[in-house]
Amino acid sequence: MKKWCKFFCLSFFSHKLSKEGAKRGYANIFLGFIFALIFLWAGFVSGDMLPFGVHYSNAPDFMATVHTVFANADSAQRIEAEIENGVLKVKKPGGQYAQGLLVNTFENTADKQIYAANGYDVVIDSRPADTLAEIEASCISNDGKNMIISYEEYLALSDVAKLNFDFQLRYTGNALLLNEEAVKGYRAYVDGLSAENEAATEALDKALAEGQITEPEYFRAIYELYFTSYYPEITAYESTSKVPLLRNYYQHQYISKGIRNYLFIFDDYITGSFETKNGIEVPFYGFYSELENGALVQQGATQIQANAAADDFIQDSFEAVWFLYAYSYAVNVFTLVPFIVLMLMVATLLTHSVLKLRGVESVASLGAMFKINGSFVWFSAIVAAVLTVIISFFAQRGIVNALQLVLFFVTLVIRSMAFAAEESKQYTRQLEQQKTEQTT
């Protein structure tokens with residue numbers, strides 16, 4: 001066991017130990033793959049998480065925006081906020097905590113003058129994530145002329161003519177308010193489609209009468225039946241809901257259009273994008289689940305204390321998202337297995353070819369070479385992960401994520417070529433020694 005541990009842990013550094021891999025089983029390669037995946041996963045997560053504080057501290061314009069919002073030197077302009085069981089409650093000074101849109105510097109000139117510091121736009125919307133969105137439905141021609149017709153006009157077309165148009169939604173930015181009159185109209189439409197739909201609405205009536213659901217839940221359920229029956233699927237707009245949600249207005253209206261330098265603050269999470277003094281763009285998300293209950297900025301805090309509290313809010317929110325990155329990369333890292341296998345095979349073919357070209361016959365087969373190179377896999381992953389974390393402090397996040405596999409492959413190939421060079425040297429020395437012995 002001790003001998004095996006020495007081989008497994010030190011073969012990357014020792015030619016003699018690595019050569020033992022040819023005589024060992026393929027289980028060592030499998031174990032090395034497991035360790036490699038773990039280290040690559042750690043590299044991805046650490047490369048995303050660790051540099052954030054440094055990047056944030058190196059983005060004075062964004063920090064000034066955060067301070068303007070939550071630690072404004074003019075207390076009459078400061079947004080007051082507090083955490084309550086993972087939910088952010090916000091209000092303007094003198095107001096009451098309520099669900100609503102407080103700030104939108106994209107649309108409101110007064111908000112822009114106060115909160116859009118140094119070119120950063122800010123939205124603060126504390127309405128729940130499941131708030132329904134008011135939308136305008138239309139269809140656009142797909143012949144390149146971009147002719148737009150209403151959805152009602154589209155429905156009146158023949159089946160052949162409909163093929164010339166694509167459905168589209170526009171979020172107005174307003175919440176959809178459901179009232180009894182509107183819901184009656186939705187229900188009438190649903191009931192008129194089929195007996196099955198009518199049975200579904202009657203079941204909702206019964207649930208409401210028996211107190212199993214509230215009136216707002218009843219209104220929403222009827223609306224969802226109506227929307228999914230009247231409109232086509234909206235998977236291009238919503239990934240988690242069958243009906244349009246107000247929260248995604250900001251995604252479609254701003255973020256997906258490529259805006260830069262922004263801060264969106266919602267009741268359950270925060271998202272933004274800022275640029276450091278070095279030109280590094282840093283998009284981020286954050287949750288409040290790990291934040292302590294209480295006011296974001298304590299009453300009577302000095303300006304320095306208020307600024308520090310606002311900075312802590314951003315950084316603590318970001319740190320709370322680590323589990324999402326960890327889970328996401330844990331799932332995605334297994335998709336790297338075919339690439340790692342391919343890289344190992346390429347390194348093996350290169351090494352074996354170099355040895356054959358130099359007339360080295362000490363490594364007899366590709367299988368033996370595969371096992372030798374396989375012993376380098378897990379430490380190559382360590383090198384790639386460490387370099388990835390270091391580089392993440394100086395490079396764009398997208399580049400860093402793509403770079404780790406490249407670093408892994410380069411490290412693996414360099415170590416494999418080092419083995420080929422050393423093996424060639426030793427083999428040549430051995431042949432010369434044999435010739436000398438024969439002549440004497």
Side-chain angles (χ1 to χ4, degrees), residues 53 56-129 131 172-175 246-247 249-250 253-255 259-275 277 282 284-288 291-318 320:
Y56 179 75
S57 299
N58 199 30
D61 289 342
F62 184 65
M63 291 180 68
T65 302
V66 173
H67 297 166
T68 299
V69 173
F70 293 115
N72 201 308
D74 182 354
S75 59
Q77 307 292 355
R78 180 182 298 179
I79 298 296
E80 296 181 11
E82 70 174 38
I83 301 293
E84 186 177 291
N85 300 324
V87 175
L88 183 70
K89 299 167 63 177
V90 289
K91 67 177 181 178
K92 290 187 176 180
Q96 298 292 323
Y97 289 118
Q99 296 174 341
L101 176 64
L102 264 70
V103 174
N104 186 345
T105 63
F106 291 100
E107 309 291 342
N108 189 298
T109 303
D111 286 345
K112 195 172 189 68
Q113 291 175 346
I114 299 171
Y115 300 108
N118 303 319
Y120 281 85
D121 280 295
V122 179
V123 170
I124 302 177
D125 190 341
S126 62
R127 288 172 289 190
T131 301
T172 67
N174 299 320
L246 180 63
R247 180 68 57 81
Y249 163 75
Y250 301 104
Q253 180 68 14
Y254 304 119
I255 298 176
I259 64 166
R260 301 165 61 186
N261 301 340
Y262 61 87
L263 176 64
F264 290 110
I265 300 164
F266 302 113
D267 71 325
D268 56 344
Y269 81 98
I270 185 173
T271 182
S273 178
F274 60 87
E275 186 174 342
K277 289 188 293 186
V282 185
F284 72 95
Y285 287 89
F287 297 131
Y288 316 133
L291 275 62
E292 295 183 2
N293 289 344
L296 209 65
V297 176
Q298 299 297 327
Q299 291 290 333
T302 65
Q303 188 61 50
I304 293 177
Q305 291 171 332
N307 290 345
D311 295 336
D312 289 342
F313 168 67
I314 298 295
Q315 298 193 60
D316 291 346
S317 297
F318 175 76

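These numbers come from a predicted model, not from an experiment.
The line from OG of Ser273 to CZ of Phe62 is 8.5 Å long, rounded to the nearest 0.5 Å. Within the model, atoms CZ of Phe266 and CD1 of Ile124 stand 10.5 Å from one another, a figure rounded to the nearest 0.5 Å. Ile79 CD1 to Asn72 CG: the interatomic distance, rounded to the nearest 0.5 Å, is 9.0 Å.
Side-chain contact between Asn104 and Phe264 is absent, with no heavy-atom pair separated by less than 4.5 Å. Counting only heavy atoms from C-beta outward, the side chains of Ile259 and Asp121 never approach each other to under 4.5 Å. Proximity of Tyr262 to Ile255: side-chain heavy atoms (C-beta onward) are separated by under 4.5 Å at one or more points. The side-chain heavy atoms of Val66 and Leu263, taken from C-beta on, include a pair separated by under 4.5 Å. Proximity of Tyr249 to Asp125: side-chain heavy atoms (C-beta onward) are nowhere separated by under 4.5 Å. Here the side chains of Gln99 and Thr131 are not in contact, with every heavy-atom distance at 4.5 Å or above.
Relative orientation of the Tyr250 and Tyr254 rings is parallel, given thresholds of 30° and 60° on the angle between their planes.
Not less than 6.0 angstrom separates the ring centroid of Phe274 from the ring centroid of Tyr120.
Side chain of Ser126 to main chain of Leu101: no donor-acceptor pair is present (N/O by atom type, distance under 3.5 Å, no hydrogens or angles). Judged by distance alone, with hydrogens and angles left aside, the side-chain atoms of Tyr285 form no donor-acceptor pair with the main-chain N or O of Ile270 at under 3.5 Å. When atom types are taken as modelled, the side chain of Tyr115 and the backbone of Gln77 share a donor-acceptor pair closer than 3.5 angstrom.
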inquiry  = Run Thr65 and Val122 through side chain to side chain contact (heavy atoms under 4.5 Å, CB included) and show every step you take.
reply    = CA-CA 8 Å; Thr65 302; Val122 179; 3.6 Å; yes
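A salt bridge does not link Lys277 to Asp61: none of the charged side-chain nitrogens sits closer than 4.0 Å to a carboxylate oxygen.
Here the closest non-hydrogen pair linking Asn118 and Ala64 is ND2-CB, 3.4 Å. Heavy-atom minimum distance, Leu296 versus Ala309: O-CB, 3.3 Å. Between Phe70 and Ala81, the shortest heavy-atom contact is CE2-CB, 4.0 Å.
Annotation: side chain to side chain donor-acceptor pair (under 3.5 Å) contacts involving residues 300-315, sequence neighbours excluded, comprise Tyr56-Asp311, His67-Asp311, Thr302-Gln305, Gln303-Asn307.
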Could you list the donor-acceptor pairs under 3.5 angstrom formed between side-chain atoms of residues 85-97 and any protein atom two or more places apart in sequence or on another chain?
residue: Asn85; atom: OD1; partner: Asn293; partner atom: ND2; Å: 3.3
residue: Lys89; atom: NZ; partner: Glu84; partner atom: OE1; Å: 3.3
residue: Lys92; atom: NZ; partner: Leu102; partner atom: O; Å: 3.4

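Listed by chain and residue number, Arg247 satisfy the salt bridge (Lys or Arg N to Asp or Glu O under 4.0 Å) test with Asp268 (two or more places apart in sequence, or in another chain).
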